[in-house]
There are 2 protein chains.
Amino acid sequence: MHSADAVETIQREMTVFARRARAAAGRMHPELSLVSYTLLGHLEESGGCRATDLAAHYALDKSTVSRQVAGLESAGLIERRPDPADQRVQVLHLTRSGRDILSQVTESRRAAFRERLAGWPAEDLNRFAEYLVRYNA
Amino acid sequence: MHSADAVETIQREMTVFARRARAAAGRMHPELSLVSYTLLGHLEESGGCRATDLAAHYALDKSTVSRQVAGLESAGLIERRPDPADQRVQVLHLTRSGRDILSQVTESRRAAFRERLAGWPAEDLNRFAEYLVRYNA
DNA sequence: GTCAACTGGTTGGGTTGTGCAACCATGGGA
DNA sequence: TCCCATGGTTGCACAACCCAACCAGTTGAC
């Protein structure tokens, strides 16, 4: 396979995957879209951050994040805490309920992926994950 | 890395990629969205097929494909040919203009990818592409 | 042959995710 | 003190979806 063909394939397959993932996520967990899930995951990992940080990390417009955050807050999954050092800032944190839902969804996603990737050697999985991280870096 | 973590990472990174790809595609070629581009590419590769085939392959609703196709046709990029064997069917084909635009967009995408993936060994590129195909199969 | 069930495609209606631009409030220097 | 930068919200528009209802051919059972 030529390099040009390889990147062509990568682009196409990623697109297919992305669309399927979104649809599948919606079917599995109507209450938590793929985007919301991703944001919650980031909050858990980072231990709380600002909306602006989320926007920067996911290359989203701040208005988009603002609305997502509003939705997550009104669903009781996250809360906004004032930053004593800067009155403009709201630090976002998972609530107890947010943490619960997140871990529950994560578990069922994991099960689905595990089934899907069942035949893959661990080495391939790790390499695949590594490629993706490297690409997005 | 544990397998569970690997699939977690795969899922997250794919999502990030998908969003960026869509936005980048829109910025580079406002006249041809990522979806349209993908559909045109499929038509070129398959040498013409039905709207239903596109829907099945990309896991899209037939109404979505119908509207995409309508857009591409009115832009003069594809044409519908009747199927003599079945009056219900419209076989979709690229027009001359569609082929031109497609190859032009493909070329500039390829350049962007090439730059982005410049540091990657060919072996990694091929393996990455292969993983994606295997995953989506 | 006729009628029901199926298939390919379109259309109406609604939801979601997104960006851009305009705006407000706070913060931090010249 | 002013001016500009930064964090965030809101109005507006748009693209990409899906679902349900529909129309028009096709096919098979009777």
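Heavy atoms only: backbone and side chains are in, while hydrogens, waters and symmetry mates are out. Letters go in sequence order (proteins before strands), and every chain restarts at 1.
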Can Arg127(A) and Asp124(B) be counted as an ion pair, charged N to O under 4.0 angstrom? no
Taking only N/O atoms, report every protein-nucleotides 27-30 of chain C pair under 3.5 Å with atom names and distance.
residue : atom : partner  : partner atom : Å
dG27(C) : OP1  : Gln87(A) : N            : 2.8

Checking dG8(C), dG7(D), dC18(D) against the side chain of Val89(B) (C-beta onward), the nearest is dG8(C)
Review point. Does the base of dC17(D) carry an N or O that pairs as donor and acceptor with the side chain of Ser63(B) under 3.5 Å?
Key: no
* Identify whether any heavy atom of Thr52(A) sits under 4.0 Å from a base atom; if not, whether one sits that close to sugar-phosphate; answer base, sugar-phosphate or nothing. => sugar-phosphate
**Q.** dT10(C) OP1/OP2 closer than 4.0 Å to side-chain N/O of Arg80(B)
**A.** yes
Note to self: Any base atoms under 4.0 Å from Ala56(B), or only sugar-phosphate, or nothing? Heavy atoms, all strands.
What the structure shows: nothing
Checking dG8(D), dC20(C), dG13(C) against the side chain of Gln90(A) (C-beta onward), the nearest is dG8(D)
inquiry  = Mind checking if Ala55(A) touches a base, just sugar-phosphate, or nothing, with heavy atoms under 4.0 Å?
reply    = nothing
### Query
Would you say a side-chain N or O of Ser33(B) is under 4.0 Å from OP1 or OP2 of dA15(D)?
no
Review point. Would you say a side-chain N or O of Ser66(B) is under 4.0 Å from OP1 or OP2 of dT10(C)?
Key: yes
Assess whether one donor atom and one acceptor atom, taken from the side chain of Arg67(A) and the base of dG11(D), lie less than 3.5 Å apart.
yes
key: Phosphate-side-chain proximity, Thr64(A) and dG17(C), N/O vs OP1/OP2 below 4.0 Å   = no
Here the distance between atom P of dT16(C) and atom CG of Leu72(A), to the nearest Å, is 13 Å
On DNA chain C, more 5' by nearest nucleotide between Val69(B) and Leu60(A) is Val69(B)
